[in-house]
2 protein chains.
Amino acid sequence: MNTDARAEVGSERTEEIIEHLFALVDRLRAAFETTVAAFDLSPPQAKALRYLAHAGPVPMRELACGLHCDASNVTGIVDRLEQRGLVERRAAPTDRRVKSLVVTPTGEALAVEVWSRVADGALTFVGLTDDEQTTLLMLLRRLDHGPGAACWLSRDGSV
Amino acid sequence: MNTDARAEVGSERTEEIIEHLFALVDRLRAAFETTVAAFDLSPPQAKALRYLAHAGPVPMRELACGLHCDASNVTGIVDRLEQRGLVERRAAPTDRRVKSLVVTPTGEALAVEVWSRVADGALTFVGLTDDEQTTLLMLLRRLDHGPGAACWLSRDGSV
DNA sequence: TATTGTTATACTCTATAACTATA
DNA sequence: TATAGTTATAGAGTATAACAATA
């Protein structure tokens with residue numbers, strides 16, 4: 001049927017992949033929301049905490065980009081995280097307009113705990129064998145090079 | 001490291017899988033919204049149209065279950081689809097309370113077109129070879145047997 | 001003049017509660 | 001009394017526009 005190594009689009013198999021993928025997405029989101037809610041975090045708050053814990057001190061603007069949302073949203077998200085003592089707004093030395101977001105030790109610890117729970121909560125993968133998980137990871141690495149992964153912050157194309 | 005065929009939870013690899021999976025989910029949702037918007041459909045409308053095209057005539061209640069949302073939502077979703085002549089509300093013969101949802105020929109054709117575009121729009125998979133797609137599908141089939149796939153409609157446990 | 005962060009505002013999706021008509 | 005569908009309403013998440021401070 002298909003002698004080429006590269007598969008055609010729109011085949012029955014592609015549709016089945018899409019169907020499974022959408023079902024998986026729904027379950028992942030539901031599990032994620034339940035897990036972070038147990039820590040009294042909204043999904044955007046949990047994602048922000050994770051981003052900051054991984055990316056280190058960054059301006060509000062970069063967090064907005066990392067969360068793929070408008071800059072006006074992060075104000076409220078960071079407000080809540082700051083009220084709980086998980087992150088801090090600090091003045092940036094180079095530009096007095098920007099506020100540098102720093103994760104506190106408390107926030108760091110919570111980020112680790114929350115996201116290990118999220119990973120555990122994805123019980124889905126418990127059913128996969130060691131080899132299957134390795135295979136899945138290899139495929140995901142290849143899938144993650146499409147558009148949408150980058151951050152279109154600058155206007156000169158320098159990423 | 002891990003001699004058991006079943007992998008432990010919370011490992012570094014599990015976290016990397018989660019990370020890739022979340023990034024993939026974001027890109028899938030963005031591509032999906034863009035694609036269906038080109039047909040002047042909201043994501044819930046597109047999902048409802050697909051469900052009805054696949055499941056045949058069903059009551060509003062079952063559609064709500066299929067969409068994993070409250071029954072009060074489907075009223076507006078079906079309103080819009082009916083205004084465009086894509087689906088019809090018909091009286092059910094057995095119970096005058098229920099309304100049977102039927103997809104019109106126009107709706108059927110649109111459902112096919114929209115969802116083949118959605119599959120195409122997931123350009124992500126174009127980069128996967130034929131063998132890789134087959135492998136992915138096998139994994140997805142295994143992943144799709146977790147909770148959340150069922151419909152908890154009845155009260156006597158009869159599905 | 002342009003940019004950072006904020007505020008005000010509106011729109012969408014979703015859930016809860018109250019209502020009707022049937023059963 | 002319980003259920004199917006509808007309506008009214010509220011909440012969360014996100015986007016646009018206008019603003020103040022700074023570059």
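The chains referred to below are lettered A, B, ... by the order of the sequence lines, with proteins before strands, and numbering in each begins at 1.
With a 4.5 Å cut-off on side-chain heavy atoms, A:Val36 and A:Val118 count as touching.
With hydrogens and angles ignored, a donor-acceptor pair closer than 3.5 Å exists between the side chain of B:Arg97 and the base of D:dT3.
The separation between A:Leu63 atom CG and C:dT4 atom P is 14 Å, rounded to whole Å. Atom CD in A:Glu33 sits roughly 18 Å away from atom P in D:dG11 (whole-Å rounding). The separation between B:Asp26 atom CG and D:dT14 atom P is 10 Å, rounded to whole Å. As a whole-Å value, the separation of A:Asp95 CG from C:dG5 P is 8 Å. A:Gln45 places its CD atom 11 Å from the C1' atom of D:dG13, with the value rounded to the nearest Å. Rounded to whole Å, the distance from NZ on B:Lys47 to C1' on C:dT14 is 13 Å. Atom-to-atom, CZ of B:Arg90 to P of D:dG5 comes out at 16 Å; the value is rounded to the nearest Å. The distance between atom NZ of B:Lys99 and atom C1' of C:dA21, rounded to the nearest whole Å, is 10 Å.
Sorted by residue number, the members of residues 70-83 of chain B with any non-hydrogen atom under 4.0 Å from DNA chain C read B:Asp70, B:Ser72, B:Asn73.
Annotation: the span from A:Glu88 atom CD to A:Leu81 atom CG amounts to 12.0 Å, rounded to 0.5 Å. Once rounded to the nearest 0.5 Å, the distance linking CD of B:Glu108 with CG of B:Leu52 reads 10.0 Å.
Under the 4.5 Å side-chain contact rule for hydrophobic residues, B:Tyr51 and B:Phe39 share a cluster.
Side-chain nitrogen and oxygen atoms of B:Arg96 include none within less than 4.0 Å of the OP1 or OP2 phosphate oxygen of C:dA21. The side chain of B:Arg89 contributes an N or O atom lying less than 4.0 Å from OP1 or OP2 of D:dT6.
Nearer to the 5' terminus of DNA chain D, by closest-nucleotide assignment, is the contact made by B:Val58 (compared with the other of A:Pro43 and B:Val58). Comparing A:Arg29 and A:Val98 by the nucleotide of DNA chain C that holds the closest heavy atom to each, the one mapping nearer the 5' end is A:Val98.
Summarising the local packing, CZ of A:Arg84 is surrounded by more than 12 heavy atoms from other residues, nucleotides or ligands at distances under 6.0 Å.
Between B:Phe32 and A:Phe22, the two ring planes are perpendicular [angle over 60°; tilted spans 30° to 60°].
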Between B:Asp70 and B:Ser72, is a side-chain hydrogen bond (donor to acceptor under 3.5 Å, both in side chains) present by the stated rule, with each step listed? CA-CA 5 Å; B:Asp70 190 81; B:Ser72 62; 2.8 Å; yes
